[in-house]
Amino acid sequence: MPAMKACIFLLFSLFALHPTMAQETLDYTQDIIPVLRKHCYNCHNVGNPKGGVNLERYEEEGRIIKEGQLWLKVVDMVRTKEMPPSNKPSLNEEDYHVLVDGINGILIKSLEKKTPGKVIIRRLSHTEYHYTVLDLTGISYDAANRFPADGSGGGGFDNQGGSLFFTPLKMERYYDAAEEIVTKLYADPEKWQQLVPIQYHQKLWQRFLNWLLPKFSADFKPINPPEAAAESVIYPFAGKAFRRLIKVEEKENFMALFEKVYQSMPDDPNPQRFNKSVAEVFKAILISPSFLYKMEEEPVVNDPVPLSDFELASRLSFFLWCSMPDDELFQLAVQGKLQDEGVLEQQVSRMLEDPKSLRFSESFVSQWLGINKLKDPNAPLAELARFPQFTQDIREAMFRETTAFFHHVLTERKNFLDLISSNYSFLNEELAGYYGIDGVEGEDFRKVALATPVRGGLLGMGSVQAVTSLPTRTSPVLRGKWVLEEILGTSPPPPPPDVAELPEDEGLHKDLGLKALLERHRSDPACQSCHEKMDPLGLGLENFGADGKWRESYGNVPIDPSGVLATGETFEGPAELKRLLLEEKEKFARNISQKSLSFAIGRSITFTDEMAVRELSDVLMENDFNPDLFIAELVKSYPFRMKIKDFQKKVNEID
């Protein structure tokens, strides 16, 4: 129903723009290409792809659909009059509506038949491995520092299937990890007993009868055999580890391994002999692909089908807990109840209230904002020699401030708009003192009311200010680009290949200041169009140094944080800049929707997800940016709950 509403709304918008043309079906070759050739190909062609965009290569309608995300941006830039640029002839009314209505019509038509994303078979990320092992065994294993580093995928997150490669070195490390984890587990009587709650041994008379009676009866069934006891502990462990019911052949393999190990130790007394044999099976389970990979079986039919209940349980748990399903989710999957939307909503509510949801907050927001660099001592952030108070402890505190703040917004404040501007943050005594905020005592982080709106929201946090700066100074360009991309979800085009860098002469910086240097830099027409979008956003935050501290001057020049946005609005400093950003609710809602959906399904967002993104954005806009309703809608969405056979092949059919 929401999808239908979104389509109707969009179609209504097109009729409102130009009723006559909206009723027609415009032909791409005859109607649209001539307008593109007239207004766009001069700058966006094979030999001169300005901004990296070559529109001339889209010779047929199918190519537009294949790269629908790009063409959504094209339509948006035409609609907002950003294209053609001010130094080129503007579109007349007829050409404007040919491009907007015609391209929109093609895109909308292509979305009528829903298509979910490809079947995901992806390895556990290091974060997911750590938490899954912790929840399964109680053993904390530092996967991030013990395994070779993973990259981030197209969505910018480490759980993206495209970045989770498997190498011989990784396989070797997984063997080592399984050995270490099970050894620690075996050495901890309390943790071992939780997984193996029996003290197996055979009494003397049982052993005697098991030896004697088979000599007289071929049908004799052993008394208290170790295999039966092993099944009672191995099968539940394997089911939890594999996140599903285990198969007959898997059970046979487990027991064959158990028996082989058990028979190889005839002189070892029980329960040690039994426990050591179980431990070897546990190790095998921890290096199985069914543990190391999140597997979703490919459908038999060609049409989209729902995920199985176990697959859905795994998607839910790895999304909100970065780990395997707990007993309640597992049992709901066994009972086949997770397809019920009411049950899904109840589980989302329960899972967000669980302390394990902090894992989602930390993993999601740190990667979204790029602040995980703060935990890397080798990351190129503010130099300690130049900024002596920017210690590793302060960096860790900044990271903690941001993740605690996001988690509070998610689970208690329940309004994502606080991420842009708020009157509170989360501080301890050390970080509050670093910021110059009085009245905070102790090492624990807690909610602190702010006297001014300057520090409120993500843009006022040292974490964001540090990762958007250079090691020796601030960079308004980097900060402005960060605000565009990470808050508003819009990206400026790449700079021309021959663009000049900002001079790094320290004397020039001290005497002129960054604002004057940037004004001189963007006087070049090749630089102006991008910098007029980025620079004001970054300069509005210039009072924050590369180390996150507040300052009044840059070199010998007083800082002027006032500015004019590319859209014409003026502001006087960080507080007013954030107020203007709060007015960009649609862009912010869309950006959160795309980021969250990408993290939840473990892949980049494609054009086929467009209707889901719009529906999620609408939920935020219509419900005061409430996270509960938003996440509930996300896990009920088509891309989250459905899968299709050979998705990538279907996408690549359009050449």
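Since we're looking at a predicted model, the values are computed, not measured.
Taking the side chain as every heavy atom from C-beta outward, Leu338 and Val343 approach each other to under 4.5 Å. No side-chain heavy atom of Arg455 sits less than 4.5 Å from a side-chain heavy atom of Ser425. Asp135 places a side-chain heavy atom less than 4.5 Å from the side chain of Lys356. With a 4.5 Å cut-off on side-chain heavy atoms, Lys170 and Arg123 count as touching. When side chains are defined from C-beta on, Leu111 counts as touching Phe607, because their heavy atoms get closer than 4.5 Å.
No side-chain donor-acceptor contact under 3.5 Å links Arg122 to the backbone of Met295. The closest donor-acceptor contact from the side chain of Arg413 to the backbone of His408 lies at 3.5 Å or more, if one exists at all. Between the side chain of Lys414 and the main chain of Thr411, a donor-acceptor pair closer than 3.5 Å is present. With hydrogens and angles ignored, the 3.5 Å screen pairs a side-chain donor or acceptor of Ser317 with a backbone N or O of Ala313. Using modelled atom types, one side-chain atom of Arg315 and one backbone atom of Phe640 make a donor-acceptor pair closer than 3.5 Å. With hydrogens and angles ignored, the 3.5 Å screen pairs no side-chain donor or acceptor of His44 with any backbone N or O of Pro49. No donor-acceptor pair closer than 3.5 Å links the side chain of Ser363 to the backbone N or O of Arg359. Under the 3.5 Å distance criterion, the side-chain polar atoms of Asp340 are matched with a main-chain donor or acceptor of Gly342. One N or O on the side chain of Gln465 and one on the backbone of Gly460 form a donor-acceptor pair closer than 3.5 Å. Counting only distance, with no hydrogens or angles, the side chain of Arg479 and the backbone of Leu541 share a donor-acceptor pair below 3.5 Å.
Screening Lys585, Arg579, Lys587 for a salt bridge (charged side-chain N to carboxylate O under 4.0 Å, His left out) with Glu583, the sole residue that qualifies is Arg579. Residue Ser463 forms a side chain to side chain donor-acceptor pair (under 3.5 Å) with just one option from Thr402, Thr403, Asn372, and that option is Thr402. Tested against Leu419 for a side-chain contact (heavy atoms from CB on, under 4.5 Å), the candidates Val409, Val365, Ile487 yield a single pass: Val409. When Thr127, Asn159, Asp158 are each tested for a side chain to side chain donor-acceptor pair (under 3.5 Å) with Gln367, only one passes: Asp158.
Of all the heavy atoms in Pro306 and Lys643, the pair that sits closest is O-CE, 4.0 Å. Heavy-atom minimum distance, Glu67 versus Tyr58: OE1-OH, 2.7 Å. The two residues Cys40 and Leu55 make their nearest non-hydrogen contact at CB-CD1, 3.9 Å. Smallest separation of non-hydrogen atoms from Asp376 and Arg395: O-NH2, 2.7 Å. Annotation for Leu99 and Leu36: closest pair CD2-CD2, 3.8 Å, computed over non-hydrogen atoms. Listed here is the closest heavy atom pair of Leu329 and Pro325: CB-CB, 3.8 Å.
Aromatic ring centroids of Phe291 and Phe242 lie 6.0 Å or more apart. A centroid separation of less than 6.0 Å is found between the aromatic rings of His126 and Phe147. Aromatic rings of Tyr129 and Tyr174 (six-membered ring for Trp) have centroids within the 6.0 Å cut-off, being under it. Taking the six-membered ring for Trp, Tyr424 and Phe405 have ring centres closer than 6.0 Å.
Annotation: cation-pi pair Lys375/Phe399 present, NZ/CZ under 6.0 Å from the ring centroid and within 45° of its normal. Remark: Lys240 is not positioned above the aromatic ring of Phe330, lacking an NZ or CZ atom under 6.0 angstrom from the ring centre and at most 45 degrees off the axis.
With no hydrogens or angles considered, a side-chain donor-acceptor pair links Gln160 and Ser598 at under 3.5 Å.
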Task: Worked check of salt bridge (charged side-chain N to carboxylate O under 4.0 Å, His left out) between Glu311 and Lys294 - done: CA-CA 8 Å; Glu311 292 167 349; Lys294 287 177 281 186; over 6 Å; no
TODO: Apply side-chain contact (heavy atoms from CB on, under 4.5 Å) to the pair Glu401 and Met461, showing each step before the final yes or no.
DONE: CA-CA 8 Å; Glu401 172 194 17; Met461 294 186 177; 3.8 Å; yes
- [ ] Check the pair Ile65, Lys109 against side-chain contact (heavy atoms from CB on, under 4.5 Å), reporting the backbone distance first and the verdict last.
- [x] CA-CA 10 Å; Ile65 297 169; Lys109 184 178 179 181; over 6 Å; no
Open item on the list: With ring-ring contact (aromatic ring centres under 6.0 Å, His included) as the criterion, how do Phe599 and Phe360 come out once you've worked through the C-alpha distance, each side chain's angles and the decisive distance to 0.1 Å?
Closed with: CA-CA 10 Å; Phe599 183 88; Phe360 162 71; 5.6 Å; yes
TODO: Evaluate the salt bridge (charged side-chain N to carboxylate O under 4.0 Å, His left out) criterion for residues Lys595 and Glu486: first the C-alpha distance (whole Å), next the side-chain angles of each, then the deciding distance (0.1 Å), finally the verdict.
DONE: CA-CA 9 Å; Lys595 296 286 185 182; Glu486 308 305 341; 3.3 Å; yes
TODO: Would you sort out whether Lys578 and Leu458 count as a side-chain contact (heavy atoms from CB on, under 4.5 Å), showing the intermediate values?
DONE: CA-CA 10 Å; Lys578 287 185 283 188; Leu458 297 174; over 6 Å; no
Task: Audit row: Asp309, Gln339, side-chain contact (heavy atoms from CB on, under 4.5 Å) steps and yes/no - done: CA-CA 7 Å; Asp309 282 74; Gln339 303 297 340; 3.5 Å; yes
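Between the CD atom in Gln347 and the CG atom in Asp354 there is a gap of 10.5 Å [rounded to 0.5 Å].
Here Arg350 does not pair with Glu345 in a salt bridge; the nearest charged N to carboxylate O distance is not below 4.0 Å. A salt bridge links Arg614 and Glu610; the closest N-O separation between the charged side-chain nitrogens and carboxylate oxygens is under 4.0 Å. Electrostatic pairing of Glu362 and Arg400 does not count as a salt bridge here, judged by no charged N lying under 4.0 Å from a carboxylate O. Salt-bridge check for Asp609 with Arg603: passed, with a basic side-chain N closer than 4.0 Å to an acidic carboxylate O.
Classified by interplanar angle (parallel below 30°, tilted 30° to 60°, perpendicular above 60°), the ring pair Phe364/Phe157 is parallel.
The number of heavy-atom neighbours closer than 6.0 Å to CD of Glu586, taken from other residues, nucleotides and ligands shown, is 12 or below.
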